[in-house]
Number of protein chains: 4
Amino acid sequence: MEKTRKSGTTSPRLSREESQARTRERLIETATRLFVGQGYGGTSIRDIAEQAGYSQGAFYSNFESKESLLLEMLRRHMAGEAAHLATLSERAGTSLETVLDDLEAWASTLDQDINWSMLSIELQMQAQRSTTFAVAYRAVWQQHRDALAVWLAQLFAAHGLQPPVGIEALAASFMALAHGLALQRASTGTEVSGRMMVVLLRGLLAMARPA
Amino acid sequence: MEKTRKSGTTSPRLSREESQARTRERLIETATRLFVGQGYGGTSIRDIAEQAGYSQGAFYSNFESKESLLLEMLRRHMAGEAAHLATLSERAGTSLETVLDDLEAWASTLDQDINWSMLSIELQMQAQRSTTFAVAYRAVWQQHRDALAVWLAQLFAAHGLQPPVGIEALAASFMALAHGLALQRASTGTEVSGRMMVVLLRGLLAMARPA
Amino acid sequence: MEKTRKSGTTSPRLSREESQARTRERLIETATRLFVGQGYGGTSIRDIAEQAGYSQGAFYSNFESKESLLLEMLRRHMAGEAAHLATLSERAGTSLETVLDDLEAWASTLDQDINWSMLSIELQMQAQRSTTFAVAYRAVWQQHRDALAVWLAQLFAAHGLQPPVGIEALAASFMALAHGLALQRASTGTEVSGRMMVVLLRGLLAMARPA
Amino acid sequence: MEKTRKSGTTSPRLSREESQARTRERLIETATRLFVGQGYGGTSIRDIAEQAGYSQGAFYSNFESKESLLLEMLRRHMAGEAAHLATLSERAGTSLETVLDDLEAWASTLDQDINWSMLSIELQMQAQRSTTFAVAYRAVWQQHRDALAVWLAQLFAAHGLQPPVGIEALAASFMALAHGLALQRASTGTEVSGRMMVVLLRGLLAMARPA
DNA sequence: GATGAATGAGAGTTCATTCAT
DNA sequence: AATGAATGAACTCTCATTCAT
């Protein structure tokens with residue numbers, strides 16, 4: 001499979017692997033768009049393949065099943081979020097204002113990337129129904145929550161404060177709020193910006209006692 | 001199925017309307033249970049009718065379509081929530097502790113009545129997909145948000161405080177949080193209790209400036 | 001379901017049940033024809049429904065699955081064969097010539113009813129692949145073999161002869177021969193009549209020792 | 001898959017033709033195994049290629065189509081059986097016991113080589129469906145029957161007996177019985193050994209009149 | 001000669017909905 | 001009002017086969 005792939009010098013045409021990677025990429029893009037717009041259950045493989053410009057068979061050359069495509073999306077989702085959180089954590093020791101700006105920036109990313117938010121909710125709904133998927137989803141979710149918890153812990157510690165509730169419950173709540181807002185935006189069109197998260201965090205800091 | 005068969009001659013009280021109301025009621029109950037467990041898309045009318053002990057035709061004698069059943073549910077959901085909010089509002093003027101206890105009580109209702117929470121999310125997902133439904137959903141949602149906003153306004157006013165952000169955004173955020181937590185509970189099994197809402201509200205009060 | 005079915009006096013139209021029975025019958029007839037001609041695997045439900053003049057859905061209103069249709073066929077096959085064997089057994093005590101004529105008559109039934117023979121082979125092939133089906137098939141097959149064995153035992157006893165091999169093995173062999181001849185006829189067009197069975201039985205009687 | 005990759009420089013003996021022959025051989029072996037276990041229709045080319053350690057394309061480099069592979073199998077089947085019959089015929093003039101032992105040996109070969117038996121039935125089923133295939137099958141089948149008929153004729157002649165029915169019908173019947181028994185064994189698990197053939201032949205000899 | 005991604009047709013099955021009874 | 005057989009469209013998925021590499 002990877003034997004003769006030195007690809008010469010310029011390669012005016014796509015090699016086999018490149019071509020398949022492209023197909024796969026297009027299918028994922030199309031599927032993401034459709035899942036967001038019509039939901040996982042409301043999107044057929046026919047739709048995905050057709051809109052991506054391929055046959056249904058092409059889908060099955062690239063993914064084992066509809067659910068395995070969703071798992072692939074979950075993996076990518078995870079990778080993206082992990083990167084965000086890493087950035088957040090890196091700067092957790094600096095001034096409070098900087099840190100809260102970082103949070104707001106992250107939150108507004110969620111706001112803008114409505115796709116990911118809705119997809120994330122699709123993922124959660126699917127997790128409720130498929131055991132296979134639930135296991136995978138839970139693992140990813142815990143990783144996120146833990147990373148966020150670490151960041152929050154650093155934040156409170158840096159200001160000599162004691163969090164008013166368990167740090168993991170706090171992290172979970174922020175994630176819940178982000179998802180809830182995304183759902184609300186999608187279903188009612190209301191724009192309650194990610195700023196709310198900053199406001200709430202400020203409130204928590206305001207009420208916290210010294211450690 | 002064989003319950004009202006003998007009523008022909010002797011039971012003048014279970015009139016046709018009452019009998020149909022009963023059918024309707026049972027269909028709604030069964031449908032709620034199934035939607036919560038398997039989702040709107042994952043539940044067939046055959047399932048609903050069968051489990052309720054009727055035929056598919058009986059369903060269509062009572063509802064125009066699958067979606068119109070969901071609209072009926074939405075109406076009932078609304079009525080229930082309105083009642084809750086009314087209670088909450090009634091006592092908004094009393095001591096802070098009482099009021100926060102009320103909030104926590106309401107929040108824990110959401111916690112316990114996982115059925116309604118999940119159904120509520122199903123409703124939101126459906127609102128994203130069906131224009132008909134979206135219009136109805138938005139109206140109901142705004143009523144809720146406004147009632148909650150009024151309650152929050154009373155709360156801040158009673159303590160001579162100025163809310164740190166628009167009162168409607170605040171109300172919307174609390175609803176988003178409630179839904180996000182329900183979704184989280186369903187998909188990850190995590191129990192971050194409705195207490196978080198009280199904690200956050202305390203934080204907001206702690207950071208608020210005098211009016 | 002059976003409540004108001006007194007059917008009056010003449011019923012110019014088909015009642016609900018009659019109408020469905022008709023549909024079911026037509027589907028089975030069509031399916032038999034197609035299975036015989038193109039095999040079980042080679043016949044699609046689409047084909048069956050279309051050729052019978054119904055929708056695919058109608059098929060599923062009448063049968064749970066493709067295999068359950070085959071099971072229904074097996075049941076009918078069994079009933080038919082059982083009737084044949086009963087007739088055979090009834091007259092087992094009469095003169096040898098009569099009895100052998102009966103056997104030949106039965107064998108030539110197999111000959112002529114090529115449909116059943118080929119279907120029977122389809123059933124056997126399916127039994128090799130589906131566990132569900134194998135269990136059902138084995139039960140039916142054993143019943144047949146036992147009935148045939150009883151008949152053969154009566155035959156040998158009536159002439160004071162001792163069968164040269166176990167009576168059940170003998171019965172099984174006759175069934176195998178009947179199926180093998182059917183298969184041969186279908187695949188090569190060769191007409192080796194069911195008379196062979198009579199010839200072989202005569203041979204067995206000729207070589208048998210007194211009991 | 002990785003076996004012949006190093007042969008580039010040092011192995012002048014595994015020529016292209018030999019290498020291809022090897023591929024072909026492995027595909028046939030694997031296909032035989034799979035057809036027997038899952039049937040012709042139940043076996044995909046993907047399965048065959050994968051299990052043999054090749055790509056689907058390799059299959060099509062070696063065979064025109066799925067059916068042409070089956071034709072190749074038929075050819076080999078024929079060759080093998082022809083060899084058996086030749087051995088049988090060679091010794092047809094010796095004592096009756098020897099000859100019947102030979103028959104039983106052949107029959108038990110069929111018994112043991114359940115693979116060939118089931119494949120043979122697959123071939124017959126396919127012959128019923130494909131005209132191309134049917135023509136080829138019929139030719140092979142007639143050759144077999146004729147060879148067997150010659151052997152039977154020699155047998156009767158050697159004992160100065162006159163066969164009770166046409167010698168070709170007799171041969172066809174024995175083949176039918178062999179196939180029927182194989183089918184029975186596969187579908188019901190019943191072991192009615194090939195000894196039955198010997199018993200029946202003895203019966204025929206017992207009832208035969210002098211020539 | 002061998003690869004395997006992609007095709008296109010078709011498989012079995014499900015489902016919201018209709019309508020004669 | 002209630003029945004449930006029948007519809008017709010859509011579903012996920014499989015497969016023999018093709019063809020650029």
Side-chain angles (χ1 to χ4, degrees), chain A residues 1 3-5 13-24 41-47 49 54-67, chain B residues 1 4 16-17 19-20 23-24 41-50 54-67, chain C residues 1 3-5 13-17 19-24 41-49 54-67, chain D residues 1 4 16-17 19-20 23-24 41-50 54-67:
Chain A
M1 233 170 178
K3 279 148 204 160
T4 53
R5 207 42 49 202
R13 302 208 181 160
L14 292 175
S15 75
R16 278 286 222 43
E17 292 100 70
E18 284 164 336
S19 162
Q20 189 182 12
R22 215 170 129 176
T23 303
R24 194 180 170 84
T43 302
S44 72
I45 285 171
R46 239 182 201 63
D47 287 347
Y54 295 94
S55 66
Q56 292 182 67
F59 179 93
Y60 284 96
S61 288
N62 281 280
F63 303 97
E64 258 198 355
S65 67
K66 202 184 173 188
E67 190 172 279
Chain B
M1 231 175 175
T4 53
R16 265 172 229 164
E17 291 107 61
S19 162
Q20 190 176 8
T23 303
R24 193 180 170 82
T43 304
S44 71
I45 284 171
R46 205 187 225 79
D47 285 348
I48 298 171
E50 247 167 42
Y54 295 94
S55 66
Q56 295 180 72
F59 180 94
Y60 283 95
S61 292
N62 281 280
F63 302 96
E64 254 194 2
S65 67
K66 203 183 176 190
E67 190 172 274
Chain C
M1 232 173 177
K3 278 146 205 162
T4 52
R5 207 43 46 203
R13 300 206 186 163
L14 292 174
S15 74
R16 279 283 222 45
E17 292 99 69
S19 161
Q20 190 182 11
R22 216 171 127 177
T23 303
R24 194 181 170 84
T43 303
S44 72
I45 285 171
R46 244 178 199 69
D47 286 348
I48 298 171
Y54 295 95
S55 65
Q56 293 182 68
F59 180 94
Y60 284 96
S61 288
N62 281 279
F63 303 97
E64 259 198 354
S65 65
K66 201 185 175 189
E67 190 171 278
Chain D
M1 230 171 177
T4 53
R16 266 172 228 164
E17 291 106 62
S19 163
Q20 190 175 9
T23 303
R24 194 180 171 83
T43 303
S44 71
I45 284 171
R46 205 188 224 76
D47 286 348
I48 298 171
E50 247 167 41
Y54 296 93
S55 66
Q56 293 181 74
F59 180 94
Y60 284 94
S61 292
N62 280 280
F63 302 97
E64 252 194 2
S65 67
K66 203 185 176 189
E67 192 172 273

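First the proteins, then the strands, lettered A, B, ... as listed; each starts at 1.
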May I ask you to evaluate whether C:Ser19 reaches the phosphate of E:dT21, defined as a side-chain N or O under 4.0 Å from OP1 or OP2? no
Please name all residues satisfying ring pair (Phe, Tyr, Trp, His ring centres under 6.0 Å) with C:Phe59, sequence neighbours left out, ordered by chain then number. C:Phe63
Both C:Ser55 and D:Gly41 contact DNA chain F. Which one's nearest nucleotide lies toward the 5' end? C:Ser55
Taking atom C1' of E:dT18 as reference, at what distance in whole Å does atom OH of C:Tyr54 sit? 17 Å
Interatomic distance, C:Ile48 atom CD1 to C:Lys66 atom NZ [nearest 0.5 angstrom]: 6.5 Å
Toward the 5' end of DNA chain E, by each residue's nearest nucleotide, B:Gly42 or D:Thr23: D:Thr23
Sorted by number, the residues of residues 56-66 of chain C with heavy-atom contact under 4.0 Å to DNA chain E: C:Gln56, C:Tyr60, C:Ser65, C:Lys66
Between E:dT3 (C1') and A:Gln20 (CD): distance, integer Å: 12 Å
Atom pair distance, as rounded to whole Å: CD in B:Glu50 and C1' in F:dG4: 11 Å
Output field dot_bracket for DNA chain E (Watson-Crick or G-U, both distances under 3.5 Å, | for other-strand pairs) contains .||||||||||||||||||||
Does B:Ser44 have any side chain to side chain donor-acceptor pair (under 3.5 Å) partners at least two apart in sequence or in another chain, and if so, which? B:Asp47
Provide the closest heavy-atom pair for A:Asn62 versus A:Arg24 in the form atom of the first, atom of the second, distance. O-NH1, 2.6 Å
Measure from CD1 on A:Ile45 to C1' on E:dT7 and round the result to the nearest Å. 16 Å
Starting at CZ of C:Arg46 and ending at P of E:dT13, how long is that distance when rounded to a whole Å? 12 Å
Qualifying residues under side-chain contact (heavy atoms from CB on, under 4.5 Å), relative to C:Ser61, sequence neighbours excluded: none
Under the side chain to side chain donor-acceptor pair (under 3.5 Å) rule, collect the residues that match up with A:Glu67, sequence neighbours excluded. A:Gln126, A:Ser130
Could you tell me the separation between the CZ atom of C:Arg24 and the C1' atom of F:dA6, rounded to a whole number of Å? 15 Å
Can you give me the closest heavy-atom contact between B:Ala49 and B:Ser55, atom names plus distance? CB-O, 3.4 Å
Would you say that C:Ile45 contacts C:Tyr60 through its side chain, given a criterion of any heavy-atom pair below 4.5 Å between the two side chains? yes
